[in-house]
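Beneath this line is the structure, given in structure tokens, with notes to follow.
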Amino acid sequence: MKKVFHVMYDDDETLLAAARELVAKGIHINEVYSPFPIHGIDPVIGIKRTRLAIASFMFAMTGTSLAILGMWYFMISDWPMNIGGKPSFSMIENIPAFIPITFEFSVLCGAHGMAITYLLRNGTLPGMPATNPDPRTTDDMFVMEITTDTNSMDDKKLEAAIKKTALFELSIKDVK
Amino acid sequence: MQKESAIREPLILGHKSYKDITDDVIAPITGPAPLGWKILITISSIIAIYGVAQILYLIGTGIGVWGLNKTVGWAWDITNFVWWVGIGHAGTLISAVLLLFRQKWRMAINRSAEAMTIFAVIMAAVFPGIHMGRIWLAYFVFPLPNQFGSLWVNFNSPLLWDVFAISTYFSVSLVFWYIGLIPDFATIRDRMIKPIPKKIYSILSFGWSGRAKHWSRFEEVSLVLAGIATPLVFSVHSIVSMDFATAVIPGWHTTIFPPYFVSGAVFSGFAMVQTLMLIMRKAFKLESYIHVKHVEYMNIVIIVTGSIVGVAYLTELFISWYSGVEYESYAFINRFSGPYSIAYWTMMTCNVISPQLFWFKKIRRSLLATFILSIVVNIGMWFERYVIIVTSLHRDYLPSSWGEFIPTATDIGIFIGTLGIFTTLFLLFTRYFPVLALNELKTILKSSGESYKNKQDK
Amino acid sequence: MANTKRYWSGLDELDSTDAFKDIQGQEFPEAQSVDAFISDERHSSTTTGRRDFLKFMGFSITAATLAACETPVIKSIPYVNKPEDITPGVANYYASTYYDGLDYSNILVKTREGRPIFVKANTATGAGKANSRVIGSVMSLYDSARLQGPSSAGDASSWSEVDSAMTTAVANGTTVVLSNSIVSPSTTKAIEVLGAQHVQYDAVSYSALKEANSTAFGVDAVPHYDFSKAEVIVSIAADFLGSWLTTSQHDSDYSALRSPERGTQSQHFQFESAMTLTGTNADIRIMINPSDEGNIAAGILAALKGSSVSNLDEHTTAKVKAAAVALKAARGKSLVIAGSNDLALQTIVTAINQTLSNYGSTIDLERPSLAQRGSDSDVAKLIQDMNDGSIETLIIYGCNPSYDLANAVGFNSGLSKVKTSVCMNGVADETASKTTFIAPDHHYLESWNDLSIRAGRIDIVQPTIEPLYSTRAAQESFLVWAGAELTDWYSFLRTQYNADYTPAGMYSNADWNSAVHDGFLTEENDLVSPDYTGTIHTTIALSEVSSRKGGNFQLSTYVKTAIGTGLHAANPMLQETPDPVSKVTWDNYVTMSRTDMEAMGLNIYIAQANPASVVRVKSGDITIELPAFMQPGQKPGTVSVALGYGRGANGEFIGKAAYQTGENGDHLVADNGLPMPIGANAYPLTSQSNYDISIEATGAEYALACTQIHNTYMDRESVVKETTLGAFLADIDTPKGEASWNRAHALNVHQDVNNDGVIDSRDKKPTDAFDLWHSHPVEEVGHRWGMTIDLTTCTGCSSCVTACHIENNVSVVGKDEVLRHRDMHWIRIDRYYASDYSLEKGAEEGVNIISSYGKMEDPSENPQTVHMPMMCQHCNHAPCETVCPVAATTHSNEGLNQMTYNRCIGTRYCANNCPYKVRRFNWFNYKGHDKFQNFNPAADSLTRLVLNPDVTVRARGVMEKCSMCVQRIQEGKLDAKKSGTAVLDGAIETACAESCPSNAITFGDLNDDGSKVNAISKNNRSYHALEEIGIKPNIFYMTKVRNTDSQ
């Protein structure tokens, strides 16, 4: 049995201010729904920096090694051929010709790998249901989600604190 | 939130609120299709169908239905290929490079520019396919395990590099574009009343809800993708240029090609963006988002790249003389004085002279002039590829095999056809997709929106 | 006594039961009438349930699908008993001989599974090589236009019918046999048996030449000319390399004296108005009017006698004197010949050769040519008699008088007056379609014969395949019609050589067997020894020639290398073999000089979108309309027309390929509703001297398909290297790459190569010193197949082109495709004319480089010519290979640049990147597409039989090119393997090398130090075309040397 407060603001800056204010009071903000990224909100509500970039790098490196390994196998190891007299004896001599594809393949893996991870981590996939509390949050409204169970304060105090901010609308739900 | 100097022209005109932006962009999707759109799509789809018919005829009969011959083995096919790929580059450049440089003005145009990229690359991909003598064996170009055991492709061939470059480029741009679209689809989803469209858009929007964490990931992904796409876009056209640069044919065998091709690509790409934007802003009343300032910025890019291209042309000429290689020098003399000199001079006028007009602020800021010149530039860039391919081939080493290329109806028909397909796709896009990057525009409303700027002044 | 036996159908009938009685009447006892059947209630009630219906549906759809999946099965019937001399997959060669009235050649016929598929020279006789016409002749065996049996009055008939009619006709009534020159002793006998008058003629008559010799020396024959001894050759409009007399031997003999390694080189003067193949090879070529030919001869004679040269312009006079000087110096080792059939001229030439005492050395009348027996006067008389109606029966054999007689009109009218006429040609051609009967002779590949072109040797013609149709040897017909008791031609033939021959002992005669095996037998016969010293009276001749005057325009006729006298008009391979000089395929045209064409405002540049202008040529009362073609070297004020075109003009069906086809491949139809012939018939013009003709533009235009539209080599010395004999001899001993006329291409390097202390432009390294990477070893590793091509000895005769075309199943693509620059030839002969202009000249005259290049595109008025055979150079660093995305073209360990057709996806990148532009793309499905139905051998179910089973017919959309006859290399290697020896030099020959009459092309293993090709490749004349690209070809060219210093 907990209460869920959906506090709606009509401007990103007001929401940011309110968030700062509430957090200062030791209130924990679960989630913020906004139509566009509100710069500076992450530290306030305690969101850690994403590691997608590192993931992407990993994927790219995998691509690189796959490409080089593949080309070595196809051209040098498995069936070396005399094509226009170009050397098929050793990788080193052939490397220059392999660079373009190596690069392209790294990019391919890096980009797609990251994109897929991103979608999976977000849980945004084809046919997923929308979870934003109010359709307006994808337009011009900004909603803060605060629940009693993640806060030490009781709901009355909480509500009072929220009411103090320049909110636009407040909806309170009881959730089992 | 960052402030922007008041001297800078606002990027969003009029007194727009977040809501207005949403409504303005969604209007064409929710509202009924304008008559002009209907007419256009009818015409373009008829042309598209004609093009497809021509392609089927080609595949059914043989490459002989083109005007190619033993001396000129590539002409319109590869010309069109390079031309379309080039056009594609602007989109990626705008969304990736300008993003890295934090150019806010890109936000008005990147979405449709990227769409253009996707469609242009699709058109480009058609040609390497259909120019094959045996397209039904096209899968030979992939290093697939096969019943012959060790039968692999030739990784030394620039054409194979192309295969990888183009497919990578296409798929990455597609992903980049779609990831940007997801939040906007969400916006549309939440605006839609009719159940079916709502359902469709909610599927397309992958259940996006605009959580803070997702937004932070979103920005990270955009940034990294931009970072990857930037070298990619340069590599792709460099590799395309290597089809020629690595060959031994005088006029092809030139180390200058990669940078020259890339700038050429950006040049023609921006021109194409101009053409499309100028129509779109009128058709869908987006004047307050895409306006003179944006046009001017793009025109500046056109001057720069156009001049690079011009320098490249002159360098080529100089080197052909300086090298002292008789074949090289003849190839270039033949370009401007030979049977195909008209093509050469068209290219020179359209690509080197015409963009220089943009030095005049009046012309640079005149929408009509821009529109005309943007088309001129694209004609010029088509001829550039034609000159490089046909005039180099038709008179190469042995005078005995000097020949001439004369296009057939099928050559022309297929090119026109791709224009039709491209236009059709783009029209569909403008009708059912958010043509502006909603979420991004909203972020710059306060810094660059006219109304807010005025507030600052107060 | 009547047969009373009776048979019963069964016991029922025997004891005629009732059951039997009531069915007895009915035809189908069991059957029930249809009405009775449908009126039957039970049937109307039957229903097919839904389920049944679905079952049937399901079944039938599946069945249909399965049927569709099934690939068509082409049944091949195996040998029940394998013929002992046929091993499937292994070719048999049979020695035989080719003779058609124009060409004579000892040949080897290659047969596969009993099909003749290739004809090459039988060099055992040492009588030269086969030219393109002979090589191409194998196609005519499979011509779908061939008659399948005798016919009378156009309807199919039977031999018995024709024989009965002919026997009576011959028996009562004067009979004449009209034929081309018969060189077969036995055939002559067979005709004698017929006891009829025998008239012979040649399509191109040498009557005057014969007469001149007979009056001078009393030998009524055309002499034999020995070019292998002729150090100085003066030819007055005689195209002895292309079509004059029996060329097969001329080529080899001529080129033997051309190669400069022997320290000197024969010198060749050519006086002619048209640019003939021979003219392109001449050291000194002088353009003259046909009307001056006589004066030239007279001039030479005068100069030899030390008196003054008259009636000629200054320049020609000078050249005539020069020629005379050269001739004097080479007394007895020289030759003077004249082409035209003009008694006065030939008399003077005979006198010249006598003065030079060439008779007995280079000219032989002891063993003269037994061909060219035609006599114009006999033919004239025959036509006269025919028109008088004094000839009842005319037998026409081996010739086509209605087409190729100068007076064909007269002949045709005469023919209509002849009661019974029979023609023995294989197709219903111009003549055969007019005769009462056609008694088709075998194709030469189906028949026995004995031929003798010169006394002393008899060449055997043996069949290489069962006759395809119910044709019959002409000689057998003669015997039958003569009512001889021995009518079997083979027995008759054998009896000539051993009287006691019996069919039983067919194989018992060892001499005959070896003769058939070798293709010839030698026989002793008493030679005539003419007196070469007799005085020749030239006064009348001299006065006659001096009196000749020419008009504004003069005309000369010539015979084309590919089509010859017209016999091969229906042969697509030969039609598509480009003319060695003009490079035009599939057409006949009027060659004109540039100046004349400019004056008349005719189109000079002829290409895809630039058709030629049609002109009307009027000579006497003869008019022909043909497109005009700008021919450098054509004497201004003269025009030339080729004979042998305009076949089948009156709708005679002489072959699918003999008519013009449109873009869709259908025959074009003329206004008269008949298929449009190719070109126009110029034979009527040969009836007169055409010294004063008129020519006018008709305003019409006509597309000419040339395989080469650009004429000069633009001073590209790395393509063609040429020098003069003097310059060559000066540097004859310098090592390869250092001679002034063949300096290896060197590039500047940033290191002190010449150790002069400074690094400057003098520090160079040869191209082969550079390599981007450490490349695959090619030297000294197994085989490395290569070729050398000597530009000096190559005459451009195009035998290699035809041979390659047939050997490798190269598609014939027709005029329209050639017009679009899509000819498929794997080997082509690039013909370059010299230009007056050069960049140096431009620099001197201060002309800018652009217009210099412009001027260099125009050949000079009377240009020197280079013939450069060009095929895949099999580069060791092939640019085509590196660019193929799917590795469809790769390098073999034996130095071959190999195409893998079934891997090719047809990007054409390789073709674009080939500096020599030798790769050919299959633009269409040539064997299936309608466009090619009328000429591509692979598209015709009969002609298809000529295809070489060792070579794939390429699919649509793949790239192809010279494979260096890899199938032959493979065969050679296998043979060597079987015999357990190394592959010997010369054991393997490519089609081009094998067919080259002048041995300009040498094929072999470059890694074999003993090989000929290895030696030649090290010769200081040899170089790589475009060596500075550094692609290391395996084909070497040898600098062209001309003996022009004295001029």
Side-chain angles (χ1 to χ4, degrees), chain A residues 11-13 16 31-42 45 47 49-50 52-53 56 60 70-71 73-75 78-79 81 83-84 86 94 97-98 100-101 103-105 107-108 110-112 114-115 118-119 121-132 135-140, chain B residues 1 17-19 22 143 150-156 158 160-161 164-165 167-169 171-172 175-176 179 182-183 186-187 189-191 202-221 223-225 228-229 231-232 235 238-239 242 438-440 442-443 446:
Chain A
D11 189 84
D12 46 345
E13 285 160 54
L16 193 54
E31 190 58 273
V32 169
Y33 299 93
S34 60
F36 58 83
I38 305 169
H39 294 131
I41 193 78
D42 304 10
I45 61 170
I47 292 173
R49 197 172 188 291
T50 166
L52 277 167
S56 162
M71 284 186 277
Y73 177 70
F74 298 140
M75 297 292 282
D78 187 29
W79 197 264
M81 278 188 291
I83 300 174
K86 293 206 170 161
N94 248 192
F98 293 167
I101 287 180
F103 171 78
E104 297 297 332
F105 201 66
V107 170
L108 189 76
H112 291 293
M114 175 175 64
Y118 161 73
L119 294 174
R121 289 292 285 109
N122 279 1
T124 48
L125 294 164
M128 283 296 209
T131 55
N132 49 331
R136 285 171 295 172
T137 55
T138 56
D139 180 358
D140 59 348
Chain B
M1 78 158 282
S17 70
Y18 292 136
K19 184 138 200 65
T22 318
S150 306
L151 182 56
W152 305 116
V153 296
N154 174 13
F155 287 92
N156 288 328
L160 195 77
W161 306 346
F164 281 81
S167 46
T168 307
Y169 181 48
S171 57
V172 170
V175 166
F176 195 5
I179 283 182
I182 289 172
T187 313
R189 172 197 68 205
D190 293 344
R191 302 278 92 56
S202 69
I203 291 167
L204 288 174
S205 66
F206 288 15
W208 176 268
S209 321
R211 296 167 186 271
K213 177 71 177 173
H214 293 183
W215 277 123
S216 76
R217 290 199 186 115
F218 174 86
E219 294 203 299
E220 184 80 2
V221 168
L223 191 67
V224 175
L225 275 182
I228 298 177
L232 175 64
S235 77
S238 307
I239 288 175
M242 286 173 196
L438 279 171
N439 56 74
E440 288 191 284
K442 289 174 183 170
T443 56
K446 291 191 173 164

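A note on names: the letters A, B, ... follow the listed sequences, proteins ahead of strands, and every chain is numbered from 1. Heavy atoms only: backbone and side chains are in, while hydrogens, waters and symmetry mates are out.
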What orientation do B/F218 and A/Y118 show, parallel under 30°, tilted 30 to 60°, or perpendicular over 60°?
-> tilted
Which answer fits [X], side chain, backbone, both or neither, if we ask what part of it has an atom under 4.5 Å from a heavy atom of chain A?
X      : result
B/P143 : both
B/P231 : both
B/F176 : neither
B/S171 : both

Part of [X] within contact of chain B (heavy atom distance under 4.5 Å):
X      : value
A/I38  : neither
A/S56  : side chain
A/I45  : side chain
A/I47  : side chain
A/P129 : backbone
A/Y33  : both

When [options] are compared by non-hydrogen pairs under 4.5 Å with chain B, the top option:
options                       : result
A/Y73, A/W79, A/F103          : A/F103
A/P126, A/G40, A/G70          : A/P126
A/A97, A/A60, A/G110, A/A53   : A/A97
A/I101, A/D78, A/T137, A/N94  : A/I101
A/A111, A/A115, A/S34, A/G127 : A/S34

Residue that, paired with A/T138, satisfies side chain to side chain donor-acceptor pair (under 3.5 Å) out of B/D190, B/T22, B/T187 = B/D190
From A/M81 atom CE to B/L151 atom CG, the distance as rounded to the nearest 0.5 Å | 7.5 Å
With rounding to the nearest 0.5 Å, note down the distance linking CE in A/M71 to CH2 in B/W152.
-> 14.0 Å
For the pair A/T124 (side chain) and B/G207 (backbone), establish whether a donor and an acceptor sit closer than 3.5 Å, ignoring hydrogens and angles.
-> no
Tell me which of these, [options], has more heavy-atom pairs under 4.5 Å with chain A than the rest.
options                        : result
B/P183, B/A165, B/P158         : B/A165
B/V175, B/L438, B/L225, B/I182 : B/L225
B/L160, B/V153, B/L204, B/L232 : B/L232
B/N156, B/I203, B/V172, B/T168 : B/T168

Evaluate the side chain to side chain contact (heavy atoms under 4.5 Å, CB included) criterion for residues A/N122 and B/K213: first the C-alpha distance (whole Å), next the side-chain angles of each, then the deciding distance (0.1 Å), finally the verdict.
-> CA-CA 8 Å; A/N122 279 1; B/K213 177 71 177 173; 5.9 Å; no
Set of residues satisfying salt bridge (Lys or Arg N to Asp or Glu O under 4.0 Å) with respect to A/D139, sequence neighbours excluded | B/K19, B/R191
Audit row: B/V224, A/L52, side chain to side chain contact (heavy atoms under 4.5 Å, CB included) steps and yes/no = CA-CA 9 Å; B/V224 175; A/L52 277 167; over 6 Å; no
Check the pair A/M114, B/I179 against side chain to side chain contact (heavy atoms under 4.5 Å, CB included), reporting the backbone distance first and the verdict last.
-> CA-CA 11 Å; A/M114 175 175 64; B/I179 283 182; over 6 Å; no
For the student: nearest non-hydrogen atoms of A/A130 and B/S209, plus distance | C-OG, 4.2 Å
Note: B/K442 and A/P35 closest approach over all heavy atoms is NZ-CB, 4.1 Å
Do B/R211 and A/T131 pass the side chain to side chain contact (heavy atoms under 4.5 Å, CB included) test, and can you show the C-alpha distance, the side-chain angles, and the key distance before you say yes or no?
-> CA-CA 9 Å; B/R211 296 167 186 271; A/T131 55; 3.1 Å; yes
Heavy-atom distance under 4.5 Å between the side chains of B/Y18 and A/D12, does that happen here?
-> yes
Residues that B/S235 engages under side-chain hydrogen bond (donor to acceptor under 3.5 Å, both in side chains), provided they are two or more places apart | A/E104
